[in-house]
Amino acid sequence: MTSAQFEIQLIAVVVAIACALPGVFLVLRRMAMMSDAISHSILLGIVLAFFLTRDLTSPFLVIAATLSGVLTVSLVELLNRTRLVREDTAIGLIFPVLFSIGVILISRYSGDIHLDTDSVLLGELAFAPFDRFIIFSRDFGPRALYLMGGIMFINIVLIIMFYKELKVATFDAGLAMALGFSPALIHYGLMSMVSITAVGAFDAVGSILVVALMIGPPASVYLLTDRLSLLLILSSLLGAAGSIMGYWVAHLLDASIAGSISSMIGLIFLAVYLFAPDRGLIAIARRRRRQRIEFALEMLLVHLFNHEGLPEAAIECHIANLPEHLYWELQFAQRVIRSGEKGNLLLNREEILFLTSTGRERAQKSILA
Amino acid sequence: MIELLQNLIMDYTLRTVAMGSGILGIVSGALGSFAVLRKQSLLGDAVSHAALPGIALAFLLTGSKASPVLVVGAALAGWLGTFLILSITRTTRIKNDSALGLILSVFFGFGLVLLTFIQRQPYANKAGLDKFLFGQAAALLESDVLTMLVLGSIVLLLVIIFWKEFKILSFDPDFTASLGFPVQLLDILITSLLVIAIVVGLQTVGVVLMSAMVVAPAAAARQWTDRLGAMVFLSSLFGALAGVGGAVISSMTPRLPTGPTIVLCISALVLFSILLAPNRGLLWRWAAEQRNRRKLQIEAVLSDLYILARQHQGTEHGHPIEVLRTMSIGHGGVDRSLKELKTRGWVEQKADGNWVLTACGMEQAIQISDRGETSA
Amino acid sequence: MKNSQTTFAIEVEDMTVAYREKPVLWDVDLLVPGGILQAIIGPNGAGKTTMIKAILGLVKPSAGRVLIYGKPYSQQRQLVAYVPQRGSVDWDFPTNVLDVVMMGRYGTLGWFRRPGKEDHQRAEEALAKVGMADFLKRQISQLSGGQQQRVFLARALVQDAMVYFMDEPFQGVDATTEKAIVSLLKELRAAGKTVLVVHHDLQTVTEYFDWVLLLNVRRIASGPVSEVFTEKNLRLAYGGKVAFLTHHTHQNAGAPTNV
């Protein structure tokens with residue numbers, strides 16, 4: 001592994017962690033699509049600031065871009081407040097405008113410089129190590145690493161400082177109000193955090209990877225745990241893992257690193273979605289199957305209990321009549337009966353079902369429960 | 001102007017561009033209306049991004065850049081993305097917005113991997129796939145437009161055939177199901193039509209901004225009408241106007257990408273509608289509020305004079321304007337109100353400059369105070 | 001039940017619905033004779049709305065059978081009308097009152113056919129019946145809550161059904177609307193129709209309804225109001241939270257209802 005390769009992976013990991021932290025709150029607060037909106041519209045701020053300073057490394061770019069991120073949030077809110085359109089529509093209206101202006105400005109007026117639309121949208125992590133942080137001709141490493149490292153550090157500090165407030169505001173907005181936390185302040189604070197992170201990251205990884213890193217890992221972890229602290233930590237880890245894996249796949253295919261990391265994030269999500277112990281598709285399907293039988297068995301017991309000893313019992317408790325009465329298919333009914341026999345809850349005497357004493361007890365209990 | 005029209009008819013590129021983007025606007029405008037009403041405004045964003053890997057894969061597998069091939073690839077990928085979003089939200093605790101963001105970015109990222117992979121392969125005709133990012137109207141061929149026309153017509157025809165069903169499904173799905181309509185099938189149908197509508201426009205507008213063509217025409221049209229039919233029609237019209245306008249401007253101007261230009265055109269229409277559309281428009285609302293405030297101010301002065309008249313038993317006694325101003329603290333506009341009332345003949349100014357109610361004004365004031373009492 | 005001679009308007013057997021793990025309705029049986037007004041009452045989360053939705057096939061039951069006038073629901077759909085909760089739709093949808101009411105005709109029309117003159121006529125009549133004749137062309141976002149509810153009722157009326165399912169029609173409506181709904185219910189009963197209403201106001205049960213189903217995941221009781229609307233059953237359904245009502249039910253329990 002060359003030092004450039006190492007640096008690229010290090011940057012990718014730092015970006016992943018910086019993105020995952022605010023991303024957790026976006027996912028929990030149902031504002032995931034704001035990351036899409038913000039990561040697109042910061043382009044306008046960057047372009048405008050660049051035209052003013054003519055310097056791509058100017059810190060003014062970061063400030064202007066962050067401001068345009070916050071501008072997006074306020075415009076969405078403004079439009080939302082007119083009640084002429086719904087909130088999702090407002091998001092879908094605002095960010096394409098800001099982004100379009102940015103793209104047009106770039107293509108019209110900056111044909112000869114490094115700022116081009118593809119790199120904005122797609123990013124090129126492979127170039128990040130070429131942009132060095134040099135003071136007095138001493139090389140301190142890639143500039144992006146410092147920028148993103150700083151943003152990651154700020155995010156961590158802010159989240160630790162306001163952990164309690166963020167937690168309350170996210171899980172119980174009403175309580176947060178009662179405790180005197182301003183929801184607007186938390187909203188804008190979080191959105192500023194998202195903006196700054198997106199601004200720092202977009203140069204290295206492009207706006208789409210920002211969305212993938214902000215939403216993918218938290219969404220995956222959300223299927224594994226409920227605890228906020230775990231959500232934050234695991235999301236960071238998953239994002240970092242996806243970044244390293246993505247890097248090597250891109251290396252292998254000689255393809256876009258950002259795109260490859262996004263794809264890995266997707267694969268990680270897919271794995272969690274399928275195999276998560278409690279909330280994964282497979283676990284759900286298994287549980288459902290088991291519960292369906294258990295549930296049906298309980299119903300059958302109640303059914304038998306209700307008709308026990310009555311004249312119609314011979315009809316009601318005849319296996320052939322179960323499908324019609326309980327709305328089951330015969331095959332399913334047989335599976336339920338087998339499971340009941342195994343549990344020693346019912347007896348099958350010449351196609352007519354009887355309760356055992358345990359079965360009767362169980363039926364009584366489920367009626368009373 | 002006439003020259004432009006002439007060009008539109010005679011010039012091959014311009015004609016193709018205008019027709020292509022017109023079709024795009026009509027189709028996405030129509031289906032976008034349903035998407036917005038069904039609270040799926042941002043689904044378009046996800047679908048269009050999700051289409052990218054489909055385009056790249058279609059090219060990788062067939063080596064063809066013919067638009068029917070790429071369109072099929074795009075539609076399949078867009079449809080798969082939609083399906084995944086719906087099944088993630090249905091089977092897990094993950095909310096719609098996260099599912100959208102996830103699928104959008106992952107599919108797009110994968111598309112990017114494929115695109116960069118293709119670019120580094122020694123294919124002969126690999127150039128041109130990246131026009132799907134921001135769209136390139138000038139590159140439209142007549143055969144592309146033909147594909148768009150066929151697909152667009154099918155989509156619109158189906159919307160007309162299923163009009164009644166789509167309408168009731170969008171308004172009240174539960175009631176629709178209770179009538180015996182297969183709601184899930186209808187849902188799949190209308191979503192598939194949206195996917196096709198989006199795919200039709202990708203080459204012109206690009207995957208990044210196509211979502212705006214779903215949301216914006218519908219949002220603009222909604223402000224002008226309260227009928228679904230009119231909304232769909234207007235939305236198509238706005239979409240076509242912006243599409244043709246933006247595409248023509250961009251293809252005549254060097255270094256002006258088509259997608260962003262079209263988006264700015266349609267957004268201008270949205271802004272115009274939100275401000276100026278009758279009844280719903282913000283300026284109309286503002287004007288109505290102003291009128292209302294004036295009315296209340298005038299009534300306040302009238303009832304102040306009435307109160308004074310009752311205190312002094314009769315209308316003969318005049319009251320100085322200063323007294324009225326003091327009574328009107330908080331709503332103001334006393335001078336203007338008195339002037340207005342005077343032209344209506346409800347008050348008059350005595351020789352000493354003081355104000356009194358006329359008989360007619362007295363009547364009005366009593367009415368107003370009665371109204372106030374019953375509503376209180 | 002199979003060999004019973006009378007045909008009930010609604011016959012529900014063993015209705016069981018589960019969302020994910022939790023059973024929402026457990027083995028509920030319900031027999032509703034024709035021509036009565038029946039309320040479904042129970043605490044929040046008792047499965048009242050689910051009961052109606054399961055009968056109408058809007059949620060998939062884990063088990064259960066529904067007969068409408070003796071035949072499976074899927075064959076009797078045209079006999080059934082449904083009034084969903086008012087809050088279940090977007091009232092800013094671009095359409096007007098007449099249009100919404102006309103939607104009640106869509107089931108009869110079937111696929112592709114558009115509503116015609118006769119449907120228009122019926123919609124107008126239904127609107128007149130609920131006192132909304134002057135609002136034909138009114139945009140639905142400009143209606144008050146009570147007016148919205150009456151529009152929904154009119155939509156059910158044009159379905160020309162025998163059995164009506166109404167989900168919380170009295171929720172948040174003004175006094176005028178409440179009166180209009182009550183007189184409409186009586187009119188429907190007089191015409192031999194059956195109405196099943198999810199209801200939340202215990203104070204008005206005896207006044208408005210003939211029969212009542214007390215529900216709390218399981219069926220607590222069902223039958224004529226005078227027989228089953230008792231303090232004991234209410235306590236079973238609501239737990240200890242009905243103290244404020246006991247006075248009211250005592251008075252009416254067993255007494256002839258004054259509907």
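Proteins get letters first, then strands, A, B, ... in listed order; numbering begins at 1 in each.
Considering all non-hydrogen atoms of both residues, B:Ile94 and A:Ala219 come closest at CD1-O, 3.5 Å. A:Val97 approaches B:Ser267 most closely through the heavy-atom pair CG2-OG, 3.1 Å. Shown here for A:Ser262 and B:Val106, the closest heavy-atom pair between the two residues is O-CG2, 3.6 Å. Closest of all the heavy-atom pairs between A:Phe269 and B:Ile88 is CE2-CD1, 3.4 Å. Closest approach of A:Ser263 to B:Val113, counting heavy atoms only: OG-CG2, 3.9 Å. The two atoms that bring A:Arg83 and B:Arg280 nearest to each other are O-NH2, 4.4 Å, heavy atoms only.
In this structure, chain B has no heavy atom under 4.5 Å from any part of A:Leu213. In this structure, the portion of B:Leu37 lying under 4.5 Å from any heavy atom of chain A is its backbone and not its side chain. Only the side chain of A:Asp36 comes within less than 4.5 Å of a heavy atom in chain B; its backbone stays farther off. Contact annotation for B:Ser273: neither backbone nor side-chain heavy atoms come within less than 4.5 Å of a heavy atom of chain A. With a threshold of 4.5 angstrom between heavy atoms, B:Leu209 approaches chain A through side-chain atoms but not through N, CA, C or O. With a 4.5 Å cut-off on non-hydrogen atoms, A:Arg86 touches chain B through its side chain but not through its backbone. Both the backbone and the side chain of B:Val36 come within contact range of chain A, judged by heavy atoms closer than 4.5 Å.
Note on B:Ala99, B:Gly44, B:Ala216, B:Gly109: by heavy-atom pairs under 4.5 Å with chain A, the leading option is B:Gly109. Ranked by heavy-atom pairs under 4.5 Å with chain A, the list B:Leu104, B:Leu115, B:Leu114 is led by B:Leu104. For the set A:Met264, A:Met34, A:Met214, A:Met33, the count of heavy-atom pairs under 4.5 angstrom toward chain B peaks at A:Met33. Interface remark: of the candidates B:Arg222, B:Arg285, B:Lys39, B:Lys39 forms the most heavy-atom pairs closer than 4.5 Å to chain A. Counting heavy-atom pairs closer than 4.5 Å to chain B, the top-ranked of the candidates A:Ala250, A:Ser220, A:Gly280, A:Ala212 is A:Ala212. Ranked by heavy-atom pairs under 4.5 Å with chain B, the first of A:Ile94, A:Leu281, A:Asp254 is A:Asp254. Highest contact tally toward chain B, considering only A:Val249, A:Thr82, A:Val85, A:Ile265, is held by A:Thr82 [criterion: heavy-atom pairs under 4.5 Å]. Interface summary for chain A: among B:Val214, B:Asn96, B:Asp45, the most heavy-atom pairs under 4.5 angstrom belong to B:Asp45.
In this structure, the separation between CD1 on A:Ile104 and OG1 on B:Thr261 is 4.0 Å, given to the nearest 0.5 Å. From B:Leu112, atom CG reaches atom CD1 of A:Ile257 across 11.5 Å, with rounding to the nearest 0.5 Å. Atom CZ in A:Arg29 sits 14.0 Å away from atom NZ in B:Lys95 (nearest 0.5 Å). Here the straight-line distance linking atom CD1 of A:Ile91 with atom CG of B:Leu42 works out to 5.5 Å at 0.5 Å rounding. Between the CG atom of A:Leu84 and the CG atom of B:Leu282 there is a distance of 5.5 Å, given to the nearest 0.5 Å. Here the straight-line distance linking atom OH of A:Tyr273 with atom OG1 of B:Thr91 works out to 3.0 Å at 0.5 Å rounding.
Each of B:Val208, B:Ile266, B:Leu264, B:Ile262 was compared with A:Ser100 under the side-chain contact (heavy atoms from CB on, under 4.5 Å) criterion, and only B:Leu264 meets it.
Without hydrogens or angle criteria, B:Asp97 side chain to A:Ala32 main chain gives a donor-acceptor distance under 3.5 Å. Between the side chain of B:Thr116 and the main chain of A:Ala255, no donor-acceptor pair closer than 3.5 Å is present.
At most 12 heavy atoms of other shown residues, nucleotides or ligands fall within 6.0 angstrom of atom CZ in B:Phe272. Sparse packing is recorded around CZ of A:Arg30, with 12 or fewer heavy atoms of other residues, nucleotides or ligands lying under 6.0 Å away.
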Legend entry - Stepwise salt bridge (Lys or Arg N to Asp or Glu O under 4.0 Å) check, B:Arg93 with A:Asp226: CA-CA 11 Å; B:Arg93 62 209 309 235; A:Asp226 281 329; 2.5 Å; yes

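Side-chain polar atoms of A:Tyr222 and B:Ser98 form no donor-acceptor pair below 3.5 angstrom. Residues B:Ser41 and A:Thr89 have side chains that bring a donor and an acceptor to within less than 3.5 angstrom of each other.
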